[in-house]
Amino acid sequence: MKHNNTGIYFIFFAIFILSISCNNSNKSGARANKKENENLVNDSFSKPSNYNLYIDNSASIDGYVTANPSTFKNSVYGIMTKLITRNIARNISLNFVNEGTCNYKIKAQSDDIKKFIENLNSIRKDNQAKCDFKNSDLPTMLKNVISTNPNDVNILISDCILSYNGKTKDFLSEAQTSINLFLKNEFDKHEISTIVLKYRSQFSGAYYMESKGGTIANISDKNFHRPYYVIIFGSQEKINFLLEKIKFNESEGFENSFYSLVPSAKKPLAKIITSNKIGDFEIAKPLNSLTINGAKTGDKDNDQNVFQFSLAANLDFLKTDESYITNPDNYELPENYKIISIVKNKDEANEGLKNYSHVFMIRTTELKERQEVCIKLKTKIPEWVSTSSNNDDSNPTDTMKQNQTFGFKYFIQGINEAYKDKYEGKEQFTLNVKICKDNYQSHGTGSSFPWWIIFVIMALVGIVIWIKNKK
């Protein structure tokens, strides 16, 4: 009898010790999660870098720099000035690019930049012999910009027209493949993120109609405008720092943007909230477990079979255009769920949403007994790229054609495919929401307490008692 009491005391003691251990483990995990979330909020890069500006030196750029007034000059000068005044760039070099690169000024100062931009037309002509002033193909230009100083931040200013130069129409697809292969090769050597910004400016001069073999259309209409592009290449850290300092959508003539960024693989700080819910549910703790229990659909006429919840997330670490973040089409979810809206959190008085930048409203009409809903932000080519591209520029004065660039979508597809091949299956971020009609933990996934150890100890104690009693 004495041995049995000892065994029972031992069992209770073991359970007590394991309970303390489990609680401490959970607290430690909570502290780790809190620290990880704090790191996500404060993650930034703050060191100035070397910047290289490359102005497309092909003849098709003439129309932008000779136009008066010229939004082209104003915007480029504005961007370069901010690089200096906001302590973004350590050094700036000014260059032309074509079939090769041609340096104008190394370690340019504010006065050098002003002179360069204001006198672009005459400077380009003065450097004509040195800089090989003629048409060039965009893939070669891209290679020159990225490979000359791959560890710097490189900015290309170009109309991004894919020039035939006497080649067949298959050149568009060939150019796309060439860009794809070059970038994939560079990605094996360097981490590169890309920003493509579309601007619009006055244009006056010769327009080369590529779909007609480069035939010139002379345009002197003061109301004529053409798109041009600012394309930025650099490591993700340096791009993040740049985007923290400059809002490119505030620049004169800005229209659209496309970001091909190295996937962050980060899990944002997020929680379920009760705003705009349809149906009913309970939010499991801790809140960052993103677990919904007791999920029920609505019972009103219009809400029958509808289950809706909201999710607050801190996406400040995503240095991308706001319109991209808030577009539900850029997210991937299970087929039975969809994002109704994504809005920027502007409610500064709401303490519950402090440190959360965005609120997602998510809905289903096929609520399952138990499901893990993965919300993934994918890198997709925005619709504006397609509408900004054409394969026929034979009527450049047409209102629609004035907003389009010959072969532009092939250029962007070449860039996008390289990123997809390099980072296949990776997203900008993923959030996993667990939803259950009863209790998600009751299915064996919510509790981490090692109950099997208790049973092992009980078995061992039983064996010890049995042996002692037998003696």
Side-chain angles (χ1 to χ4, degrees), residues 29-30 33-34 36-37 40-41 266-318 322-378 380 427-447:
N33 287 337
K34 182 178 180 181
E36 179 183 357
N37 289 330
L40 288 181
V41 174
K266 292 182 179 178
K267 185 172 289 186
L269 174 66
K271 67 177 181 178
I272 307 296
I273 58 177
T274 57
S275 303
N276 299 308
K277 72 176 183 179
I278 296 178
D280 199 13
F281 57 85
E282 295 178 358
I283 304 173
K285 293 183 179 180
L287 297 181
N288 62 4
S289 69
L290 303 182
T291 302
I292 292 175
N293 292 324
K296 299 177 183 178
T297 57
D299 54 8
K300 297 180 181 180
D301 291 341
N302 295 332
D303 295 339
Q304 288 185 2
N305 299 322
V306 176
F307 177 72
Q308 181 172 291
F309 67 94
S310 294
L311 176 115
N314 186 355
L315 306 181
D316 284 340
F317 69 94
L318 283 175
E322 182 66 19
S323 63
Y324 188 85
I325 295 176
T326 56
N327 184 353
D329 291 338
N330 295 326
Y331 292 80
E332 181 181 291
L333 286 84
E335 291 184 356
N336 58 321
Y337 276 85
K338 65 178 179 180
I339 296 175
I340 302 301
S341 67
I342 308 166
V343 296
K344 181 78 172 177
N345 175 30
K346 297 180 180 179
D347 190 356
E348 297 180 357
N350 190 336
E351 284 294 322
L353 292 179
K354 188 177 181 180
N355 294 328
Y356 293 89
S357 64
H358 292 78
V359 175
F360 293 68
M361 190 186 304
I362 302 167
R363 179 186 299 176
T364 183
T365 55
E366 299 177 31
L367 180 63
K368 297 182 179 181
E369 288 291 331
R370 180 173 179 270
Q371 184 176 4
E372 186 167 353
V373 179
C374 296
I375 304 165
K376 302 177 181 179
L377 176 60
K378 310 291 287 185
K380 295 183 179 180
E427 300 81 28
Q428 292 301 317
F429 74 82
T430 299
L431 289 170
N432 298 317
V433 181
K434 296 179 274 294
I435 302 174
C436 191
K437 287 186 176 181
D438 47 35
N439 190 313
Y440 204 92
Q441 293 182 350
S442 67
H443 291 267
T445 61
S447 175

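Predicted model, so just to flag it, every value in this text is computed and none were measured.
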Is any side-chain heavy atom of Val359 closer than 4.5 Å to one of Met361?
no
Test your reading of the model: is there a side-chain donor-acceptor pair from Lys434 to the backbone of Ser289, 3.5 Å cut-off?
yes
In short, Leu318 meets Leu377 closest at the heavy-atom pair CD1-CD2, 3.6 Å
So OG of Ser275 and CD of Gln308: to nearest 0.5 Å the spacing works out to 10.5 Å
Nearest 0.5 Å, what's the CD-NZ distance between Glu282 and Lys296?
8.5 Å
Between Asn432 and Cys374, the two heavy atoms sitting closest are OD1-SG, 2.9 Å
Just checking Gln304: does its CD atom have more than 12 heavy atoms from other residues, nucleotides or ligands closer to it than 6.0 angstrom?
yes
So how far is it from Gln428 CD to Lys376 NZ, rounded to the nearest 0.5 Å?
13.5 Å
Between the OG1 atom in Thr364 and the CD atom in Glu335, the distance rounded to the nearest 0.5 Å is 11.0 Å
Set out, in order, the CA-CA distance, both residues' side-chain angles and the distance that settles side chain to side chain contact (heavy atoms under 4.5 Å, CB included) for Ile272 and Leu311, then state yes or no.
CA-CA 5 Å; Ile272 307 296; Leu311 176 115; 3.6 Å; yes
Evaluate the criterion side chain to side chain contact (heavy atoms under 4.5 Å, CB included) for residue pair Val433 and Phe309; output intermediate values, then yes/no.
CA-CA 11 Å; Val433 181; Phe309 67 94; 4.1 Å; yes
Closest contact, heavy atoms only, Ile292 versus Phe307
CG2-CZ, 4.1 Å
Before you tell me yes or no, could you show the steps for Ile435 and Leu367 under side chain to side chain contact (heavy atoms under 4.5 Å, CB included), namely the whole-Å CA-CA distance, both residues' side-chain angles and the distance that decides it to 0.1 Å?
CA-CA 9 Å; Ile435 302 174; Leu367 180 63; 4.0 Å; yes
If you take all heavy atoms of Ala284 and Asn293, which pair is closest and at what distance?
CB-ND2, 3.6 Å
Would the distance check show the side chain of Asn345 and the main-chain N or O of Leu353 forming a donor-acceptor pair, the cut-off being under 3.5 Å?
yes
Closest heavy-atom contact between Pro334 and Glu372?
CG-O, 4.4 Å
Under 3.5 Å, is there a donor-acceptor pair between the side chain of Tyr331 and the main chain of Ile325?
yes
Within the side chain of Thr365, is there an N or O that forms a donor-acceptor pair under 3.5 Å with the backbone of Asn305?
no
Please check: side-chain N/O of Glu332 versus main-chain N/O of Lys378, any donor-acceptor pairing under 3.5 Å?
no
Nearest atoms (heavy-atom pairs only) where Ala313 meets Phe360:
CB-CE1, 4.3 Å
I'd like to check Lys338 versus Leu333 (side-chain heavy atoms, cut-off strictly below 4.5 Å). Are they in contact?
no
Hey, does the side chain of Lys344 reach the backbone of Glu322 with a donor-acceptor pair shorter than 3.5 angstrom?
no
State whether the side chain of Tyr356 and the backbone N or O of Leu269 hold a donor-acceptor pair below 3.5 Å, judged by distance alone.
no
Partner of Ile362 by side chain to side chain contact (heavy atoms under 4.5 Å, CB included), out of Ile340, Ile342, Ile375:
Ile375
Residue Lys368 excluded, over 12 heavy atoms near NZ under 6.0 Å
no
Answer yes or no: is there a donor N or O on one side and an acceptor on the other, between the side chain of Ser357 and the main chain of Leu315, under 3.5 Å?
yes
Looking at CZ of Arg363 and CD1 of Ile278, how far apart are the two atoms once the value is rounded to the nearest 0.5 Å?
4.5 Å
Do side-chain atoms of Asn336 reach the backbone of Glu366 as a donor and acceptor pair under 3.5 angstrom?
yes
